[in-house]
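Note that the structure is predicted; figures quoted are calculated from it, not measured. So that the names make sense, note that chain A is the first sequence line, chain B the second, and so on, each numbered from 1.
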Amino acid sequence: MPEQRDYFEEVYEVVRLIPKGRVTTYGTIAKYLSLRAGARMVGWAMNGCHNRPDIPAHRVVNSIGVLTGKHFFGEPNVMQRLLEDEGVRVENDRVVDFKTMFWDPMIELAI
DNA sequence: GCACTGACTAGGG
DNA sequence: ACCCTAGCCAGTG
């Protein structure tokens, strides 16, 4: 079965659905897709998203709203700038009012 | 084939 | 409130 690598595409698809100005977490995506793999694999999937320019990876943060993947955007402040450009305030590498900016596919997409 | 690492998370001390 | 540990799966040495 070609399911081994297809969850990469599923992750990308969910990330693409994140509305502008909202953020979500690796664990949430993993849970939404019911991935046997954990949140780590979602992060690993994002590692391969450089081939897909239409993936807003900057809208994916860790469970407490910290921009853990900012170092993978070339310059350290690129991820923060992308978020703030969308109206997401970032302070000290952490999303301000993360609870409000949080986007949950379980709820928003109403599975 | 074993051990370590990592864009993670939750739980315990 | 902070530090550490244990699960988790794929890639790399």
Side-chain angles (χ1 to χ4, degrees):
Chain A
M1 287 34 169
E3 313 176 31
Q4 320 169 15
R5 206 112 190 186
D6 270 353
Y7 74 92
F8 268 56
E9 295 300 328
E10 298 194 48
V11 170
Y12 298 151
E13 196 168 336
V14 175
V15 173
R16 237 175 304 203
L17 291 175
I18 304 175
K20 182 180 175 185
R22 305 289 291 286
V23 294
T24 193
T25 77
Y26 305 94
T28 302
I29 295 173
K31 201 171 196 173
Y32 172 69
L33 294 176
S34 301
L35 293 180
R36 298 182 294 94
R40 286 197 117 118
M41 285 303 97
V42 175
W44 194 255
M46 302 314 291
N47 205 19
C49 85
H50 283 290
N51 296 346
R52 321 297 209 286
D54 47 321
I55 309 294
H58 58 279
R59 297 179 189 147
V60 185
V61 296
N62 75 350
S63 62
I64 62 174
V66 172
L67 282 54
T68 48
K70 70 170 205 165
H71 200 58
F72 281 61
F73 281 77
E75 305 266 334
N77 55 330
V78 171
M79 185 173 183
Q80 173 170 347
R81 225 191 66 185
L82 285 170
L83 285 171
E84 291 188 324
D85 192 50
E86 297 182 351
V88 180
R89 288 195 303 154
V90 177
E91 227 171 77
N92 215 2
D93 292 344
R94 194 163 61 89
V95 174
V96 178
D97 204 0
F98 171 65
K99 195 174 178 181
T100 303
M101 312 306 290
F102 180 65
W103 178 82
D104 191 347
M106 300 273 202
I107 301 173
E108 305 288 339
L109 297 182
I111 31 147

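- Comparing the P positions of B:dC4 and C:dT5 gives a spacing of 14 Å, expressed to the nearest Å.
- Rounded to whole Å, the separation between the C1' atoms of B:dA7 and C:dC3 comes to 22 Å.
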Does the pair A:R89 and A:D97 meet the rule for a salt bridge (Lys or Arg N to Asp or Glu O under 4.0 Å), with working shown? CA-CA 8 Å; A:R89 288 195 303 154; A:D97 204 0; over 6 Å; no
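- In this structure, A:L35 atom CG and C:dC8 atom C1' are separated by 12 Å, rounded to whole Å.
- To the nearest 0.5 Å, atom OG1 of residue A:T25 and atom OH of residue A:Y32 are 14.0 Å apart.
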Return all side-chain donor-acceptor pairs below 3.5 angstrom for residues 69-83 of chain A, not counting sequence neighbours, or 'none' if the list is empty.
| from | atom 1 | to | atom 2 | distance (Å) |
| --- | --- | --- | --- | --- |
| A:K70 | NZ | A:D93 | OD1 | 3.0 |
| A:K70 | NZ | A:D93 | OD2 | 3.2 |
| A:Q80 | NE2 | A:V90 | O | 3.4 |

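- Contacts of residues 82-92 of chain A with DNA chain B (heavy atom under 4.0 Å): none.
- Linking ILVMFWY side-chain heavy atoms closer than 4.5 Å, directly or via other members, places A:V60 and A:V11 in a single hydrophobic cluster.
- No donor-acceptor pair under 3.5 Å is formed between the side chain of A:Y26 and the backbone N or O of A:W44.
- A single hydrophobic cluster is not seen to contain both A:L67 and A:I64; linkage of ILVMFWY side chains at heavy-atom distances under 4.5 Å, directly or through other members, places them apart.
- Placement of A:W103 and A:M101 in two distinct hydrophobic clusters is found when ILVMFWY residues are connected by side-chain heavy-atom separations under 4.5 Å, directly or transitively.
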Contact state string [nucleotides 6-13 of chain B, B base, S sugar-phosphate only, - no protein heavy atom under 4.0 Å]: BBBS----
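- Hydrophobic clustering, with ILVMFWY side chains joined whenever heavy atoms are under 4.5 angstrom apart, keeps A:V66 apart from A:V23.
- B:dT5 and C:dC4 have their P atoms separated by 16 Å, with the value rounded to a whole Å.
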